[in-house]
Amino acid sequence: MSLLVDYCPKCGTIFQKNLRNLCVPCSTKMDSDLNLCLDRLWMRPNITSKELSEVTGVSLNELYTFIKSGRLSSSYRNLTYPCESCGSETRSGRLCFSCHHVFHEAGKGQPSSKTPERQVVVKTSTKVLYTSRRQR
Ligand SMILES: [Zn+2]
Ligand SMILES: [Zn+2]
C-alpha cells in the first residue's frame, strides 16, 4: 500500500491524505474557527455573515465554505454567501434563486439525458463488431 499524499488546498503544504482532505494544522484551525462561529451564533442567531466574520476574525471565504458545506446550519437566516454568478446573497446551492432559474431555462434546449445515450451507443458498437467478426 502506498502512502497517499496531496497538497493541502488551504496552505499548500504536502500532507498525508485523510478523510478531510486538509493537513492537520489547517484541520485543527478549521475546527476552532467553526467552534468560534457556533459560539457566536448561539448568542446572536440573527447575526449576518459579515458581522460574524468581524466578531470571530474568521474570513468571509471560510464562513462561506462552512455555510455551503452545511457545517453552519441554514436555519440561521442571515448567514448568506454570494451567488457564484451574480454575487447577490443566497442561502442554498451555488446560485441565487434568479440565476438558478435563468440557468435552468437556458439548459432546456439541450438534450437532457446524455449518459444513457452514450451507453446505448457503446452497446450497439460492440454488437456490430461481434456480428461483423462472425461473418468473416
Ligand atoms: Zn494546510
Ligand atoms: Zn445570482
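Note that these values count all heavy atoms, side chains included, but never hydrogens, waters or copies made by symmetry. Small disclaimer: the values here were computed from a predicted structure and weren't measured. For ligands, and for the atoms within them, numbers begin at 1 and follow the listed sequence.
- The CD1 atom of I47 sits 13.0 Å away from the CZ atom of R77 when rounded to the nearest 0.5 Å.
- Residues P45 and Y76 approach most closely at O-CD2, 3.5 Å, considering heavy atoms.
- Through direct or relayed side-chain contacts under 4.5 Å between Ile, Leu, Val, Met, Phe, Trp and Tyr, L95 connects to F103.
- A salt bridge links E51 with R44; the closest basic N to acidic carboxylate O contact falls under 4.0 Å.
- Among the atoms of C83, an N, O or S atom is found under 2.8 Å from the Zn ion (ligand 2).
- Closest approach of K10 and L22 over heavy atoms only: CD-CD2, 3.6 Å.
- Taking distances strictly below 2.8 Å, the protein N/O/S atoms close to the Zn ion (ligand 1) are C8 SG, C11 SG, C23 SG, C26 SG.
- For S27 and R20, the side-chain atoms include at least one donor-acceptor pair closer than 3.5 Å.
- Rounded to 10°, the angle that SG of C86 and SG of C96 form at the Zn ion (ligand 2) is 110°.
- Here the closest non-hydrogen pair linking F66 and V58 is CE1-CG1, 4.4 Å.
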